[in-house]
Each structure stands twice: as C-alpha cells, then as structure tokens.
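Atoms considered below: every heavy atom in the structure, side chains included; atoms not considered: hydrogens, waters and symmetry mates. Just so we're clear, the structure is a prediction, and the values are computed from it rather than from any experiment.
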Amino acid sequence: MLTSMDSTSVPPLTVIVGDEELLVDRAVAEVVAAVRATDPEVDVHDLMPSQVSAGKLVEVTSPSLFGDRRVVVLRSAQDLTKEPAGVITDYVKDPVDDVVLVLVHAGGAKGKALLQAALQAGAHRIDCAKPTKASERIAFIKGEFDRAGRKITADAAQALLDAVGTDLREIAAACTQLIADTEGRVDAEAVARYHRGKAEASGFTVADRAVEGRLAEALEQLRWSLAVGMAPVLITSALASAVRGLAVVVQSSRGLSESELAKQAKVPPWKLRTLRQQARGWTPRGVAQAMRVVAETDALVKGAGRDPAYALERAVIEIVAARGRR
Amino acid sequence: MSVFDTLVGQDTVVQRLRAAVRAADNLLSGGDGTGMTHAWLFTGPPGAGRAQAARAFAAALQCTHGGCGECASCHQVLAGTHPDVLYVRPSGLSFGVEQTRELVVRAASSPTGGRFRVVLFEDADRATEAASNALLKAIEEPAPRTVWLLCTPTAHDLLVTIRSRCRLVNLRTPSTEAIIDALVTRDGIDRDRAVAAARAAAGHLERARQLATDETARARREEVLTIPARLDSLGACVHAAARLYEIAEADAKESTAALDEQEKADLKAAFGEGATGKGVAKAVRGAAGALKELEERQKRRATRIKRDAYDTFLMDLVAFYRDVLAIQLGASVELSTADRDADLRRVARSSTPEATLRRIDAIMECRRRINANVHPQIAMEAMTAALYLG
C-alpha cells in the first residue's frame with residue numbers, strides 16, 4: 001500500500017478499484033495524507049456523484065488562479081451519469097498539474113469505460129476488493145498487527161476471525177482494540193480473554209455435524225446459528241439437503257453414473273466423496289427415519305410447533321439417533 | 001331440458017331442489033313459501049358437483065319457468081353473468097374478512113330483476129375464522145330476498161353456528177355408470193375412453209372429464225402411478241419426489257405465466273404506462289404499490305394451483321394403494337387403477353395389508369404437511385421413503 005509515499009511521488013491520477021469500504025477509505029486517506037505532508041493548506045474535495053454536475057467537475061479540475069494544490073476525490077465513479085463522466089474522460093487525457101484526482105470505482109461492469117480511460121491515461125491503480133477467503137482475512141489481521149509493529153500467532157488470528165466474523169471494519173476495530181489492550185506477542189489466550197464465542201455459524205455446519213453423528217458439536221453449532229439470528233427454516237433446509245445427500249449415496253438407484261448421482265443429490269460431483277464419508281454408519285431405514293424427522297421439523301418451525309429452536313434441537317438429536325438404527 | 005340435467009347421479013337432491021324452487025315461486029307470488037329458505041349448504045365429496053348443483057339451483061330460482069335452461073336468465077346464471085347472482089370463488093389460499101364484509105354489503109341489496117339476490121359461494125371452507133364470523137351475521141339476519149348458497153366438502157368445514165342456520169344438501173358420489181353415461185351423452189366422448197376415465201376418476205366427475213379429454217392429465221397420472229413400482233432404493237425415492245416437485249412447479253407456471261403477464265400489463269396500462277402527456281409520470285410512479293399487491297395475489301394463486309396439483313398426485317397414489325389393499329383382502333370392488341394390474345399384484349404379493357395401510361397413512365400425512373406449508377419436496381421425500389420401506 002501507499003504507506004511510504006513522499007509528496008513528489010503522489011501520482012496526479014489514482015484509481016481505487018474495489019468494494020471493501022474500509023480499504024477504500026484507507027487508500028483515500030493515504031493519498032490525502034501524502035499530499036498534505038508537503039502542503040498542509042491543500043484543498044480537499046470529497047464528492048459523490050449525486051452532488052456533482054458537469055459544471056462542478058470542470059470547476060474543481062481547472063487550474064487555480066493562485067496555483068493552490070487540490071485533491072479531488074470522486075466516490076462511486078461508476079454511478080456518474082454520462083455528462084460528468086465525459087468531463088472526467090476528457091480531463092484524464094489532459095490533466096492539470098496542481099490537481100490530484102482520485103477516482104473510486106466499485107469494480108464490475110458498470111462505468112467500465114471511465115475506468116479504462118483513466119488506466120490508459122496512466123493512472124495509479126489500487127485494488128481494494130473484499131477478501132473472500134479465510135486465508136485472506138487472516139493475512140489482513142496479520143497486516144493490521146504489522147502496521148502497528150506487533151505480532152499475532154496464527155491460531156490467535158483464527159480465533160479472532162471466528163469471534164468477530166467477516167466484516168473487515170469490525171475485524172480492524174477488534175485488532176486496534178487488541179493492540180491497545182495487550183502487550184507483546186498476541187496469542188490465542190490473549191484473544192480468548194477479550195473475545196468469546198462465534199460470530200457466524202451456518203446451517204450447513206449444523207447439518208454436517210448431525211449426519212456425521214457428532215451430537216455435541218451439532219448442538220453447539222445449532223445454538224450458535226440461532227444465537228446469531230439465523231432463520232430456522234434455513235437450518236431445516238440445510239438438514240434436508242444433508243439427509244437427501246445421504247439417501248442418494250447410501251442406496252443409489254441402479255446404473256447411475258457419478259454425475260447423475262451428484263445431480264440427484266443436488267451437490268457438485270466432487271462432494272460425493274464427502275457424502276460417502278458421511279454416509280458411513282447409516283442404514284437405509286435410518287435415513288428414511290431422518291427424512292421423516294426433517295419433514296416433521298419443517299412443519300414445526302413453520303407454525304405447527306411453538307418453539308422452532310426446540311424443534312430443531314430435537315431434530316438434531318433424532319437425526320443422530322437415527323444414524324445408529326439398523 | 002332443465003338446468004338440473006348437469007347433475008350426474010343426484011336424483012334425490014334434484015327432487016328436493018325442485019320442490020324448493022316451487023316453494024320459492026309460491027313465496028314470490030305472495031304465498032308463505034314453505035320449503036324455501038335463505039341459506040343452503042351444499043356438501044359432498046370432491047367431484048360430486050357441489051358447485052354445479054348450487055349453480056343449477058341459482059338458475060332455477062332466477063328462472064320464471066323453474067329452471068328451463070333455455071331462457072336468457074338461465075343462460076346468464078350458468079355463464080356467470082347474471083346481475084342478481086354474486087359469484088364468489090376464492091382464488092387464493094383463503095378468503096379474508098375484508099372481502100367477506102364487502103360481500104355482505106353487496107348481498108344485502110335488493111334484486112334488480114324482482115326475484116332473488118343469490119350469493120353463490122364456492123369453497124366456503126376457505127373462509128378464515130374472522131371471515132366466517134362476518135358471514136354469520138349476514139346469514140343470521142338475512143335481507144328478505146337474499147339467498148346464500150355455500151359449498152364445502154363436508155358440513156364440518158364450516159363454523160357450527162353457520163351450519164345450524166343452513167339447510168343441508170348432501171350430494172353423493174356418483175356411480176361409475178352415471179359418470180360414463182354423462183361423458184358419453186353430454187361430452188360425446190367415445191365409450192371406451194369414457195369407461196377408462198370414469199374408473200380412474202373414482203366418482204370424481206370433473207376429474208373423469210379431464211382424464212377423458214386432456215392428454216397431459218392422462219400422461220401425468222400414468223407417470224404418478226408408475227412411482228410405486230419404481231421405488232427400488234432411497235436414491236429412487238429422492239428422484240421420484242424431485243420429479244413430482246418439478247411437474248407441479250411446471251404445471252403451475254404453465255397455467256399462470258400467461259395470465260400473470262396479462263394482468264400485469266393491464267394494471268400498468270391502467271396506471272398510464274406508455275402514455276404521454278401531463279401528469280403521466282406521477283401516475284406511473286403510483287403503480288409500484290398496486291403492482292406489488294398484484295404480485296402478492298398472483299403468488300398466492302400459484303401456491304394454490306401447486307397445492308391442487310400435489311393433491312391430485314397424492315390422490316392418485318392413494319387410489320393405487322387402496323386397490324392394492326382390495327387385492328390383498330380379496331375384496332370384490334372396482335379397481336380404479338386396474339390399468340396398472342401387474343404393479344398392483346406385485347406390490348400386493350410383496351407386502352401385507354398392514355404395510356399398505358401404513359403407506360396410505362404416509363401419503364395422507366404428506367398431504368397434511370404440504371397444507372401446513374412444509375416444503376413440498378421435503379414432505380414428498382419423507383413420503384416416498386415411507387412408501388419404499390413400508
């Protein structure tokens with residue numbers, strides 16, 4: 001990132017591409033800070049497409065009479081209407097010396113022409129895409145600690161992620177807090193002192209643990225899911241698809257190819273292996289029993305019963321019990 | 001020729017209704033009208049023709065010749081356009097209190113033609129509890145010339161307070177012979193096809209007519225009836241349930257898609273979309289709310305069509321296992337799925353009557369679950385698994 005940017009190297013044109021707000025804000029702040037470092041008097045215009053007309057854009061990107069430096073930040077550049085976008089496209093071909101223009105673009109197809117025009121004009125590009133994988137988030141946590149000159153162990157980073165969830169702003173806030181509250185190297189124990197529990201749990205984890213017969217874990221996951229406000233129907237449908245998968249591999253129709261089998265179970269073909277592992281210990285009669293339990297539970301969570309949470313817990317217990325059935 | 005000709009195998013009911021029509025004429029000409037009353041409840045198994053009976057009665061009440069079936073008034077009632085007959089046919093899953101209140105007000109006005117104001121309420125069992133209570137008030141204190149005709153499968157489907165204020169007309173399941181006769185003479189269907197359809201429909205006239213005339217309906221039934229023989233593994237159970245689900249979704253989409261689009265286009269046109277001139281933009285903006293409401297209604301209608309489709313499938317399956325049971329117990333009754341004879345005998349040999357009863361229970365349970373809003377595929381997977389394992 002732009003941590004060490006001296007004023008002379010601030011590019012006159014920067015595009016920030018991505019939809020992760022926190023990273024975008026930081027990138028913008030760094031550009032502004034780099035300019036301010038040389039010229040504390042600099043004017044900063046932070047604009048949204050809804051606020052700008054073509055005229056306003058022409059005004060802020062024109063050379064100043066007194067040679068003042070200016071930073072123009074244009075947010076959500078993809079939402080610009082045709083006319084102001086035209087102004088920007090023209091400007092990037094012929095930029096003004098004392099203006100630093102920062103275009104923030106969400107990525108994606110919308111307003112792509114503008115982005116292309118800016119890049120062709122030699123804009124400095126900063127990518128701020130949302131991290132999607134857990135490993136990327138862990139890298140982000142480590143990065144946060146690095147910035148503060150601190151260290152965090154891998155298991156501690158994982159524990160923090162479990163506890164806080166996937167929102168980058170919340171992760172960043174939790175990191176800042178930990179950095180302020182602790183000293184030295186942060187390990188899992190230190191994280192556990194401040195954070196407990198899980199922020200996110202999925203119905204699929206509940207269903208997987210249940211069909212694997214791991215009752216305690218399944219119930220724990222179920223409680224977490226309900227505690228973070230997951231809709232009970234989503235959990236029943238996850239249970240239903242797990243049991244459906246079992247049914248298909250425990251006793252397949254004759255003469256089906258692997259891909260047909262996967263289609264029947266409504267899973268991608270590579271998942272058949274997982275399903276077969278889960279199906280160990282299940283008998284057809286047990287699976288039929290589990291299918292009955294799922295149907296019953298769906299009725300209970302949709303109003304036939306009083307307490308969806310109770311119905312789901314009972315379902316998990318009964319599914320685990322059905323697993324041993326001969 | 002008479003309006004009562006459309007009723008198949010309901011001779012006693014027709015007699016009673018004719019007597020009531022005579023009493024109604026007596027009432028109109030100033031007599032005491034003994035034998036006529038203001039509220040009638042038509043009950044009977046699906047397909048016996050509750051709605052037809054009520055409609056024929058309504059026509060006879062409006063006709064100056066006791067239901068000739070030929071005058072303008074009879075034609076109007078049978079076509080559903082008579083100004084003094086209010087037709088209520090709930091198209092959603094239920095009939096709400098708002099709609100009922102509106103109905104009650106309209107029902108209280110005097111007839112324009114000088115005879116009766118008739119309210120023909122099909123599927124009155126779809127009225128919600130609140131709606132039933134609103135209805136009760138109107139039936140308790142009727143306007144002098146208003147006649148309520150309610151239709152439900154059984155008398156128990158209505159509030160006991162409403163039931164006690166209605167005269168009951170109970171239709172019986174028409175015999176297969178009567179249905180064959182009706183199909184041949186009235187619809188001009190050839191005898192062999194009529195026999196097959198009447199047997200398959202097991203006393204359900206409309207279903208018999210559909211099976212006799214609609215190729216797709218016959219094919220669907222064929223497919224459903226092959227399910228019991230094909231359940232040879234849990235995988236096949238999952239597959240069969242998924243297939244039934246697909247068919248019902250496709251059927252519902254087919255029968256609603258065109259209608260939905262048309263209704264939406266009409267509504268948008270009514271709000272002035274595509275028009276030019278002053279104030280159009282504002283009017284079109286107002287359409288969003290109405291459009292959303294329409295979509296809600298369409299969704300409810302689609303759900304009902306799907307449920308009806310599932311119901312038909314499940315009833316065909318029940319008929320199959322009922323026939324299995326008949327074979328197992330050596331009962332000499334007419335088999336409605338005799339065309340699957342080999343499957344019937346194979347299933348009958350390989351299971352016990354107890355298992356057959358358990359299977360029928362599983363089908364009925366599935367039906368109940370679908371009505372309780374369980375995801376149909378989940379409900380049917382549980383059912384096919386139960387059918388497979390007995």
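- The most heavy-atom pairs under 4.5 Å with chain B, out of A265(A), A295(A), A304(A), S252(A), come from A295(A).
- With respect to chain B, the highest number of heavy-atom pairs below 4.5 Å among D298(A), L246(A), T297(A) belongs to D298(A).
- Atom CG of L317(B) sits about 7.0 Å away from atom CG of L244(B), to the nearest 0.5 Å.
- Ranked by heavy-atom pairs under 4.5 Å with chain B, the list R292(A), K263(A), Q264(A) is led by Q264(A).
- For the 3.5 Å distance criterion, the side chains of E217(A) and T205(A) fail to qualify, holding no donor opposite an acceptor.
- Ranked by heavy-atom pairs under 4.5 Å with chain A, the first of R368(B), E381(B), M383(B) is E381(B).
- With a 4.5 Å cut-off on non-hydrogen atoms, A236(B) touches chain A through its backbone and its side chain both.
- T226(B) OG1 to D343(B) CG: the interatomic distance, rounded to the nearest 0.5 Å, is 8.0 Å.
- Both the backbone and the side chain of E296(A) come within contact range of chain B, with heavy atoms under 4.5 Å apart.
- Between Y310(B) and Y245(B), the two ring planes are parallel [angle under 30°; tilted spans 30° to 60°].
- With rounding to the nearest 0.5 Å, the separation of CG in D167(A) from CZ in R137(A) is 9.5 Å.
- Contact count versus chain B (heavy atoms, under 4.5 Å) is highest, among P284(A), A288(A), S237(A), for P284(A).
- For the atom pair CG (D79(A)) and NE2 (H105(A)), the distance works out to 8.5 Å, reported to the nearest 0.5 Å.
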